A.B. asks: 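Pasting in a structure now, in structure tokens, and then I'll have a few things to ask.
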Amino acid sequence: MTGRSIVITSGKGGVGKTTTTANLGAALSMKGKRVLVIDGDIGLRNLDVIMGLENRIVFNLVDVAKGVCRAQQAIIKSKKSNNLFLLPASQTDDKDVICPADMQDLVKKLKQEFHFILIDSPAGIEQGFRNACAGADEALLVTTPEVSAIRDADRVIGLLATQGLETSLIINRVDKDMVRRGDMLSPQDVIDILGIEQIGLVLRDNEVVVSANTGEPVVYNPKSKAGLSFLRIAERLIGGEVPVEDSDFGLSLWAKIGKRLRAA
């Protein structure tokens, strides 16, 4: 087995990278894939909380990279699936305690044991970002339909390209009603601005907050709109022919701005 390693990243913090990592990992495992999610946010780990595994941590990513323990000693199995595993980050070390070569070597070895390795990148473009990208074959860029998030995402696209990573776009927290009113950028607006292929969009859903607080990814909730969105993205990742959601919800914010300018 030689698995795929995917870094899940963004420019701006708070757009849902960690939630996306946990839910895509869970969704892929539900489809029969053996999945490892790695928390690359050294010093500020959160992936363990989203997955409800914070009380099971003994060793972490830094311990493995520095030879304190074997990877198998640090990797934790999900409570919900025999196919889903977590390698947590350290909560006390600095991001520069490991280097890109450390991550690259680790992921290369682990790809022999997993169909997918998802790496949750920290926000920003500093050392933690470089570490997370070093172990990846491809990238998923997460953004929300907000100008500040899109601006930062555009910067990251260029950095991913310099590292030779093919990048697909996930647009998170899309509110159809706000888009129709012209109060939020439409998914098509975001695609046009960033110029990369969309692999899916995730609808705004209060169940995501509930799932984060209970430590159970939202894909396990059959009533969740966001959960269904993540399941559709996972299906596309494994080659399923699932149509991408319609990106045109009506009058977009860009169109609304243009209309006002023409009226003036």
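Since we're looking at a predicted model, the values are computed, not measured.
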A.B. asks: So does Asp205 pair up with Arg173, basic N to acidic O under 4.0 Å?
C.D. replies: no
A.B. asks: Side chain of Asp39, backbone of Asn46: donor and acceptor closer than 3.5 Å?
C.D. replies: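 Yes: the side chain of Asp39 pairs with the backbone of Asn46.
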A.B. asks: For a quick check under 3.5 Å, do Thr144 and Asn172 share a side-chain donor-acceptor pair by atom type?
C.D. replies: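 Thr144 vs Asn172: no donor-acceptor pair found between side chains.
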A.B. asks: Side-chain donor-acceptor pair under 3.5 Å between Asp120 and Thr18, yes or no?
C.D. replies: yes
A.B. asks: Walk me through whether Val107 and Ile119 qualify under side-chain contact (heavy atoms from CB on, under 4.5 Å).
C.D. replies: CA-CA 9 Å; Val107 173; Ile119 306 166; 4.1 Å; yes
A.B. asks: Is it the case that one hydrophobic cluster holds both Leu194 and Ile170, taking links as side-chain heavy atoms less than 4.5 Å apart, direct or via other members?
C.D. replies: no
A.B. asks: Taking all heavy atoms of Ala26 and all of Val219, pick out the closest pair and write down the distance.
C.D. replies: CB-CG2, 3.5 Å
A.B. asks: Before giving the answer on side-chain contact (heavy atoms from CB on, under 4.5 Å), spell out for Arg4 and Glu138 the whole-Å C-alpha distance, their side-chain angles and the decisive distance to 0.1 Å.
C.D. replies: CA-CA 8 Å; Arg4 292 166 62 184; Glu138 55 195 284; 3.0 Å; yes
A.B. asks: Output every pair passing ring-ring contact (aromatic ring centres under 6.0 Å, His included) with a member in residues 16-68, not counting sequence neighbours, ordered by first then second residue.
C.D. replies: none
A.B. asks: Using a distance-only test with no angle check, is there a side-chain donor-acceptor pair under 3.5 angstrom linking Gln72 and Glu113?
C.D. replies: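 Yes.
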A.B. asks: Of the non-hydrogen atoms in Ser186 and Val179, which two are nearest, and what is the gap between them?
C.D. replies: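 The pair with the smallest heavy-atom distance is CB-CG1, 3.6 Å.
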A.B. asks: Whether the Asn83 and Lys33 side chains hold a donor-acceptor pair (N or O, under 3.5 Å, no angle test) is what I'd like checked.
C.D. replies: no
A.B. asks: Ignoring hydrogens and angles, tell me if any N or O in the side chain of Lys79 forms a donor-acceptor pair with the backbone of Gly52 under 3.5 Å.
C.D. replies: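 Side chain of Lys79 to backbone of Gly52, a donor-acceptor pair under 3.5 Å: yes, one is there.
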A.B. asks: I want to check something: taking the side chain as every heavy atom from C-beta on, are Ile6 and Asp137 in contact at a cut-off of under 4.5 Å?
C.D. replies: no
A.B. asks: Give, for atom NE2 of His115 and atom OG of Ser29, the distance between the pair rounded to the nearest 0.5 Å.
C.D. replies: 12.0 Å
A.B. asks: Assess the residue pair Phe116 and Leu24 against the criterion (side-chain contact (heavy atoms from CB on, under 4.5 Å)); give the C-alpha distance rounded to whole Å, side-chain angles, the decisive distance to 0.1 Å, and a yes or no.
C.D. replies: CA-CA 10 Å; Phe116 284 89; Leu24 286 184; over 6 Å; no
A.B. asks: Would a 4.5 Å heavy-atom cut-off, applied to side chains only, mark Leu169 and Glu197 as touching?
C.D. replies: no
A.B. asks: Could you pull out the closest heavy-atom pair between Val142 and Val15, with the gap in Å?
C.D. replies: O-CG2, 3.5 Å
A.B. asks: Would you indicate whether the side-chain heavy atoms of Met30 and Tyr220 approach each other to under 4.5 Å?
C.D. replies: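 SC-SC contact between Tyr220 and Met30 confirmed.
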A.B. asks: So, taking the atom named NZ in Lys176 and the one named NZ in Lys225, what distance separates them when rounded to the nearest 0.5 Å?
C.D. replies: 8.5 Å
A.B. asks: Could Asp175 and Arg204 be called an ion pair, given the rule that one side-chain N must be under 4.0 Å from one carboxylate O?
C.D. replies: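 A salt bridge links Asp175 with Arg204.
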A.B. asks: Please lay out, stage by stage, how Val202 and Val174 fare under the test side-chain contact (heavy atoms from CB on, under 4.5 Å).
C.D. replies: CA-CA 6 Å; Val202 181; Val174 177; over 6 Å; no
A.B. asks: From Arg130 CZ over to Ser121 OG, what is the distance, rounded to the nearest 0.5 angstrom?
C.D. replies: 11.0 Å
A.B. asks: Check this for me: Glu166, atom CD, are more than 12 non-hydrogen atoms of other residues, nucleotides or ligands nearer than 6.0 Å?
C.D. replies: no
A.B. asks: Roughly how far, to the nearest 0.5 Å, is CG of Leu87 from CD1 of Ile75?
C.D. replies: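 One finds 5.5 Å between CD1 of Ile75 and CG of Leu87.
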A.B. asks: Taking 4.0 angstrom as the limit, do Lys17 and Asp41 come out as a salt bridge?
C.D. replies: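 Looking at Asp41 together with Lys17, the answer is no, because their closest N to O distance does not fall below 4.0 Å.
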A.B. asks: Closest approach of Asn23 and Val218, non-hydrogen atoms and distance?
C.D. replies: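 It is OD1-N, 2.8 Å.
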A.B. asks: Can you give me the closest heavy-atom contact between Pro88 and Ile57, atom names plus distance?
C.D. replies: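 The pair with the smallest heavy-atom distance is CB-CD1, 3.7 Å.
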A.B. asks: In terms of hydrophobic clustering (I, L, V, M, F, W, Y; side-chain heavy atoms under 4.5 Å; direct or indirect links), are Ile38 and Leu140 co-clustered?
C.D. replies: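 They do not share one cluster, since no chain of ILVMFWY contacts under 4.5 Å joins Ile38 to Leu140.
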A.B. asks: Can you find a pair of side-chain heavy atoms, one from Ile98 and one from Ile42, that are under 4.5 Å apart?
C.D. replies: yes
A.B. asks: Can you measure from CZ (Arg236) to CD1 (Ile233) and round to the nearest 0.5 angstrom?
C.D. replies: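 So the gap between those two atoms works out to 6.5 Å.
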A.B. asks: Is Phe230 reachable from Ile238 through a run of I, L, V, M, F, W or Y residues, each pair having side-chain heavy atoms under 4.5 Å apart?
C.D. replies: yes
A.B. asks: Would you check if the side chain of Thr214 reaches a backbone N or O of Ser211 as a donor-acceptor pair within less than 3.5 Å?
C.D. replies: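 Yes; judged by distance alone, with no hydrogens or angles, the pair exists.
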A.B. asks: Quick test of your reading of the model: are Glu235 and Lys31 salt-bridged, counting only N-O distances below 4.0 Å?
C.D. replies: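 A salt bridge links Glu235 with Lys31.
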A.B. asks: Answer yes or no: is there a donor N or O on one side and an acceptor on the other, between the side chain of Gln73 and the main chain of Arg70, under 3.5 Å?
C.D. replies: yes
A.B. asks: Ile171, Leu237: one ILVMFWY side-chain cluster at the under-4.5 Å cut-off?
C.D. replies: no
A.B. asks: Under a 4.5 Å side-chain heavy-atom rule over Ile, Leu, Val, Met, Phe, Trp and Tyr, are Leu159 and Leu141 clustered together?
C.D. replies: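 Linked within one cluster.
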A.B. asks: Is Lys108 atom NZ crowded by more than 12 heavy atoms from other residues, nucleotides or ligands, each under 6.0 Å away?
C.D. replies: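 Counting other residues, nucleotides and ligands, NZ of Lys108 stays at 12 neighbours or fewer.
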A.B. asks: Establish, for the pair Arg34 and Phe114, whether the NZ or CZ atom is under 6.0 angstrom from the six-membered ring centre and no further than 45 degrees off its axis.
C.D. replies: yes
A.B. asks: Step by step, work out the salt bridge (charged side-chain N to carboxylate O under 4.0 Å, His left out) result for Asp48 and Arg56.
C.D. replies: CA-CA 9 Å; Asp48 56 308; Arg56 298 190 177 190; over 6 Å; no
A.B. asks: Using a 4.5 Å cut-off on heavy atoms from C-beta on, say whether the side chain of Lys111 contacts that of Ser5.
C.D. replies: yes
A.B. asks: Kindly indicate whether the side chain of Leu201, heavy atoms from C-beta on, has any atom under 4.5 Å from the side chain of Pro187.
C.D. replies: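 A side-chain contact under 4.5 Å exists here.
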A.B. asks: With a 4.0 Å cut-off on N to O distance, would you call Asp177 and Arg180 a salt bridge?
C.D. replies: yes
A.B. asks: Would you say the side chain of Leu61 lies within less than 4.5 Å of the side chain of Ser90, judging by non-hydrogen atoms?
C.D. replies: no
A.B. asks: Please check: side-chain N/O of Asp102 versus main-chain N/O of Cys99, any donor-acceptor pairing under 3.5 Å?
C.D. replies: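 It does hold such a pair.
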A.B. asks: Can you give me the closest heavy-atom contact between Ala123 and Gly13, atom names plus distance?
C.D. replies: CB-CA, 3.6 Å
A.B. asks: Is any side-chain heavy atom of Leu47 closer than 4.5 Å to one of Thr21?
C.D. replies: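 Counting from C-beta outward, Thr21 and Leu47 do come under 4.5 Å.
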A.B. asks: Once you round to the nearest 0.5 Å, how far does CG of Asn221 lie from CD of Glu216?
C.D. replies: 8.0 Å
